[in-house]
Amino acid sequence: MKHSFEKGFFAPLPVLIIGTYDANGTPDAMNAAWGGQIGMTQVSVSLSGSHKTTDNIKLNREFTIAYATTEQIAACDYVGIVSGNNVADKLEKCGLTVTKSDKVNAPVIDQLPVTIECKVIDIQEEFGETRVVAEVVGLKADDNVLTDGKVDYSKVGLVIYDTVSKTYRTVGGSVAAARSVGKKYE
Ligand SMILES: Cc1cc2nc3c(=O)[nH]c(=O)nc-3n(C[C@H](O)[C@H](O)[C@H](O)COP(=O)(O)O)c2cc1C
């Protein structure tokens with residue numbers, strides 16, 4: 001028998017850490033689960049209008065997205081609990097340091113191994129949410145998550161957000177080759 005539910009419907013959700021600068025060049029970061037890829041080169045994130053990140057993105061129209069990791073999960077959670085509007089040294093408090101991206105006016109968090117650099121294409125404000133659509137202009141990855149010069153997601157320590165249990169879950173191993181295992185039905 002199949003049961004019906006009204007919420008918690010999309011799984012898995014990513015754990016994206018959005019990096020921005022404010023008008024004074026102070027870095028901020030927030031945790032976002034409501035985000036994803038659009039087509040080959042664009043991303044979208046859905047932000048509450050009250051966040052410092054939302055103001056920073058409107059100001060600079062550039063930001064970064066890093067993947068949260070198991071190793072930094074407490075810091076990644078912390079940036080989703082407190083606002084840079086209330087805690088000026090939010091990143092220092094949880095041990096995160098940043099280096100300015102060479103592609104966008106936004107911080108790359110040193111402790112997170114994979115970061116996407118984004119330029120805003122469109123901002124839509126509706127129902128109290130700010131939907132940001134952006135073009136990906138670059139990706140930075142640390143040496144220790146590469147295999148043969150490519151990002152190896154088995155080395156990143158990726159986590160996903162489970163909205164039902166409200167926990168972060170690890171991402172497991174691969175089960176089959178994509179666009180390949182299904183060929184047996186061709
Ligand atoms: C697991 C998790 C997921 C979150 N996802 C989102 C999201 O997708 N959109 C959003 O607006 N806020 C989301 N938040 C809340 C923000 O991260 C949080 O309000 C943060 O403090 C905002 O920081 P800022 O004001 O410094 O930008 C999430 C928080 C957590 C812990």
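Ligands are counted one by one from 1 in listed order, and the atoms in each one are counted from 1 as well.
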Tell me whether Asp89 contacts the main-chain N or O of Glu92 through its side chain, where contact means a donor paired with an acceptor under 3.5 Å.
no
Gln37 side chain vs Gly39 backbone, donor-acceptor pair below 3.5 Å:
yes
Proximity of Val82 to ligand 1 by residue part, where a heavy atom lies under 4.0 Å:
backbone
Could you walk me through whether Val43 and Leu16 pass side chain to side chain contact (heavy atoms under 4.5 Å, CB included), step by step?
CA-CA 11 Å; Val43 291; Leu16 308 173; over 6 Å; no
Going by distance only, is there an N or O of Tyr168 that falls short of 3.5 Å from an N or O of ligand 1?
no
Do the ring planes of Tyr161 and Tyr168 sit parallel (below 30°), tilted (30 to 60°) or perpendicular (above 60°)?
tilted
Atoms of ligand 1 under 4.0 Å from any heavy atom of Ser46, numbered from 1 in the order shown, are 7 (C), 8 (O), 9 (N), 10 (C), 11 (O)
min-distance protein heavy atom vs atom 29 (C) of ligand 1 -> Gly80 O, 3.5 Å
Output, in order, the C-alpha distance, side-chain angles, deciding distance and verdict of side chain to side chain contact (heavy atoms under 4.5 Å, CB included) for Ile18 and Ile57.
CA-CA 10 Å; Ile18 303 178; Ile57 289 177; 4.1 Å; yes
Counting from 1 in the order shown, the ligand 1 atoms closer than 4.0 Å to a non-hydrogen atom of Gly84 are 24 (P), 25 (O), 26 (O)
Taking the non-hydrogen atoms of Lys90, is any one of them nearer than 4.0 angstrom to ligand 1?
yes
Numbered atoms of ligand 1 (with element) below 4.0 Å of Leu47, judged on heavy atoms
11 (O)
Would a distance-only check, ignoring hydrogens and angles, find a side-chain to backbone donor-acceptor pair under 3.5 Å from Thr64 to Pro107?
yes
In ligand 1, which numbered atoms sit nearer than 4.0 Å to a non-hydrogen atom of Ser83?
21 (O), 23 (O), 24 (P), 25 (O), 26 (O)
Nearest non-hydrogen protein atom, atom 3 (C) of ligand 1:
Asn31 OD1, 3.3 Å
If I take atom CZ from residue Phe63 and atom CG from residue Asn105, how far apart are they, to the nearest 0.5 angstrom?
13.0 Å
Using distance alone, determine whether His51 and ligand 1 share an N or O pair under 3.5 Å.
yes
Side chain, backbone, both or neither: which applies to Val79 and ligand 1 if a contact is any heavy-atom pair less than 4.0 Å apart?
backbone
List ligand 1 atoms under 4.0 Å from Trp34, heavy atoms only on the residue side.
7 (C), 8 (O), 9 (N)
Asp77-ligand 1 polar pair, N/O distance under 3.5 Å:
no
Would a distance-only check, ignoring hydrogens and angles, find a side-chain to backbone donor-acceptor pair under 3.5 Å from Asp22 to Asn24?
yes
Looking at Ser48, Gly35, Ala29, the heavy atom closest to atom 11 (O) of ligand 1 belongs to Ser48
Any donor-acceptor pair under 3.5 Å linking the side chain of Thr69 with the backbone of Gln72?
yes
Would you say Lys155's side chain and Leu146's backbone share a donor-acceptor pair under 3.5 angstrom?
yes
Heavy-atom contact under 4.0 Å between Asn56 and ligand 1?
no
Identity and separation of the nearest protein heavy atom to atom 5 (N) of ligand 1
Ala33 N, 3.0 Å
Which pairs would a plain distance check flag for residues 4-14, meaning a side-chain donor or acceptor within less than 3.5 Å of a matching protein atom at least two apart in sequence or in another chain?
none

Going by distance only, is there an N or O of Ser50 that falls short of 3.5 Å from an N or O of ligand 1?
no
Residues Asp162 and Arg169 bridged, charged N to O under 4.0 Å
yes
Atom 27 (O) of ligand 1: nearest protein contact (heavy atom, Å):
Thr53 OG1, 2.5 Å
Considering only heavy atoms of Asp28, which atoms of ligand 1 have at least one such atom less than 4.0 Å away?
24 (P), 26 (O), 27 (O)
